[in-house]
Amino acid sequence: MSFTNLAPQPPLYPAEAEDYARAALALSAAAVQRCERIADIQYGDTAAHKLDVYPSRKQAGQPSPILVFAHGGAWTNGYKEWVALMAPALVAAGITFVSISYRLAPDFKWQALLDDCHAALSWVVRNIHEYGADPARIAVGGHSAGGHLMTLAALSAQGLHRHGIPASSIVACLPLCAPLDIRYPERTPGSGEERTHQNLLDDVAEAESASPVCRVDQDTPPMLLAYAREDLPRIIKGNQTMEAELRRLGRPVETMVLAGDHFAPAIAAGQADSPWMKRLIQIMQG
């Protein structure tokens, strides 16, 4: 199949993301032929508030763990269909996969995007049992901007409570090549750092609240941090800062440095034997 109903979006940033998007959609179109997909479930009020469920193949009366995952796209672009390539490996391993869409910047700022992630998680908590999965065993993750948002969601205790999501139900957080510290004291004109603040924040003073690294505490769930060897410097630095803060607080954390550039791990995630996917499955099956 092909995904022919995707709404048009502005050009991607950076330009090389276009190659990733084409490759991800092609791989995902092939992937959805190999597993069950319940598509475009509405979890909110707008066309952006949709999610896809890929039920586990290994239920046998035992509810499966769940991975709720958000696409990247620099907060301004992206489709939940980009990450469907991950589904076959996950469902074959006995994991129910949920990919979500959310409203996009700059029309909506970080608080609205975060609220969407919480709303999607709330839907999962309330409804995923109907698909043979266990709402008490939810892992969250995302690629790039999606990893930022889902990590922020997992670490936002007030947001979890407001949406009726038990904090104990978030058993792991698995961001992939995600910007986990967006404070960016140095923002040169035209840089990705400047673009992030312009698109995502109403005011630069919000950068701390919008940075997952600033929300780590003693209740932070176990985290698997992963970034690429040739990733964007701000992403490498943010992940290293996050690891240091988690270790300072004595929270469980593991870091993987993966081959390639910022987009390579997201494409490799479609392979069951890729290092990150193998480790993710081990964590979720444990």
Side-chain angles (χ1 to χ4, degrees), residues 13 68-78 100 102-106 108-118 120-121 140-163 165 167 170 172-188 191-228 231-256 262:
Y13 176 89
V68 182
F69 205 81
H71 64 79
W75 300 280
T76 61
N77 294 72
I100 73 165
Y102 49 89
R103 290 172 292 179
L104 299 172
F108 299 93
K109 301 302 183 180
W110 69 276
Q111 299 97 328
L113 279 58
L114 173 59
D115 192 67
D116 290 352
C117 292
H118 280 138
L121 286 168
V140 299
H143 175 242
S144 195
H148 162 267
L149 292 170
M150 292 303 285
T151 303
L152 201 60
L155 302 184
S156 301
Q158 289 184 345
L160 293 173
H161 178 75
R162 187 169 64 252
H163 285 82
I165 305 160
I170 310 298
C173 184
L174 313 162
L176 178 63
C177 301
L180 300 177
D181 185 355
I182 65 166
R183 289 174 288 183
Y184 303 150
E186 298 179 8
R187 301 179 301 281
T188 58
S191 66
E193 290 85 348
E194 180 189 57
R195 185 181 186 276
T196 295
H197 280 198
Q198 288 177 342
N199 286 328
L200 201 58
L201 309 178
D202 283 315
D203 187 280
V204 67
E206 296 173 350
E208 182 170 335
S209 295
S211 291
V213 71
C214 297
R215 296 188 178 231
V216 173
D217 60 22
Q218 293 294 342
D219 296 320
T220 296
M223 294 191 68
L224 174 64
L225 305 176
Y227 57 89
D231 218 319
L232 302 168
R234 62 183 177 272
I235 287 179
I236 295 174
K237 182 178 179 181
N239 275 264
Q240 291 172 342
T241 303
M242 175 66 94
E243 180 183 12
E245 184 64 9
L246 289 164
R247 293 197 185 282
R248 184 184 72 81
L249 292 172
R251 301 305 300 151
V253 60
E254 179 180 345
T255 296
M256 300 182 71
H262 180 65

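Residue numbers run from 1 in the order of the sequence given.
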Requested in this report: Take L200 and K109 through the side-chain contact (heavy atoms from CB on, under 4.5 Å) test and state the conclusion after the steps.
Outcome: CA-CA 5 Å; L200 201 58; K109 301 302 183 180; 5.8 Å; no

**Report entry** Distance-minimising heavy-atom pair for L180 and G238
**Finding:** CB-O, 4.1 Å

**Report entry** Heavy atoms of other groups near E194 CD, more than 12 under 6.0 Å
**Finding:** yes

**Report entry** Stepwise side-chain contact (heavy atoms from CB on, under 4.5 Å) test for L224 and M256
**Finding:** CA-CA 8 Å; L224 174 64; M256 300 182 71; 3.8 Å; yes

Query raised in the report: Should we count NZ of K237 as having more than 12 external heavy atoms under 6.0 Å?
Result: no

Query raised in the report: Just how far is it from atom OG of S211 to atom CH2 of W110, taken to the nearest 0.5 Å?
Result: 9.0 Å

Query raised in the report: Under the 3.5 angstrom rule, does the side chain of S191 hit a backbone N or O of R187 as a donor-acceptor pair?
Result: no

**Report entry** Donor-acceptor under 3.5 Å (N239 side chain, M242 main chain)
**Finding:** no

Query raised in the report: For the rings on H143 and H262, is their centre-to-centre separation under 6.0 Å?
Result: yes

Query raised in the report: How long is the span from the OG1 atom in T151 to the CG atom in L114, to the nearest 0.5 Å?
Result: 11.0 Å

Requested in this report: To the nearest 0.5 Å, tell me how far L225 CG sits from L174 CG.
Outcome: 9.5 Å

Query - Shortest non-hydrogen separation from C177 to I235 and the atoms involved - result: O-CD1, 3.5 Å

Report summary line: So CD of E243 and CG of L246: to nearest 0.5 Å the spacing works out to 8.0 Å

Requested in this report: Mark yes when over 12 heavy atoms from residues, nucleotides or ligands other than E186 sit less than 6.0 Å from its CD; otherwise mark no.
Outcome: no

Report task. Check P179 against S144 and note the closest heavy-atom contact, atom names and distance. Result -> CD-O, 3.3 Å

Query raised in the report: Going through the distances and angles, do E245 and L249 end up as a side-chain contact (heavy atoms from CB on, under 4.5 Å)?
Result: CA-CA 6 Å; E245 184 64 9; L249 292 172; 4.0 Å; yes

Requested in this report: Starting from the C-alpha separation in whole Å, work towards a yes-or-no answer on side-chain contact (heavy atoms from CB on, under 4.5 Å) for Q111 and S209.
Outcome: CA-CA 10 Å; Q111 299 97 328; S209 295; over 6 Å; no

Requested in this report: Measure the CG-CG distance between L149 and L113 for me, rounded to the nearest 0.5 Å.
Outcome: 5.0 Å

Query raised in the report: Counting only N and O atoms by type, is there a donor-acceptor contact under 3.5 Å from the side chain of D181 to the main-chain atoms of R183?
Result: yes

Requested in this report: Decide yes or no for P221 and L155: does some side-chain heavy atom of the first lie under 4.5 Å from some side-chain heavy atom of the second?
Outcome: yes

Query raised in the report: Side-chain donor-acceptor pair under 3.5 Å between R195 and T76, yes or no?
Result: yes

Query raised in the report: Do you know which two heavy atoms are closest between A145 and G73, and how far apart they sit?
Result: CB-N, 4.4 Å

Query - Check: Y102 ring centre within less than 6.0 Å of H71 ring centre - result: yes

Requested in this report: Tell me whether the centres of the aromatic rings in W75 and H148 are closer together than 6.0 Å.
Outcome: yes

Query raised in the report: Any chance the side chains of D115 and H163 put a donor and an acceptor closer than 3.5 Å?
Result: yes

**Report entry** Heavy-atom closest pair, residues I182 and A207
**Finding:** O-CB, 3.7 Å

Query - Within-4.5 Å side-chain heavy-atom neighbours: F69 and I100 - result: no

Report summary line: Heavy-atom closest pair (R251 atom, T220 atom, distance to 0.1 Å) is NH2-O, 2.7 Å

Query raised in the report: Any sub-3.5 Å donor-acceptor pair from S156's side-chain atoms to L152's backbone N or O?
Result: yes

Query raised in the report: T255 versus Y227: any side-chain heavy-atom pair under 4.5 Å?
Result: yes

Query - Spatial distance of atom CD1 (I165) from atom NE2 (H118) [nearest 0.5 Å] - result: 5.5 Å

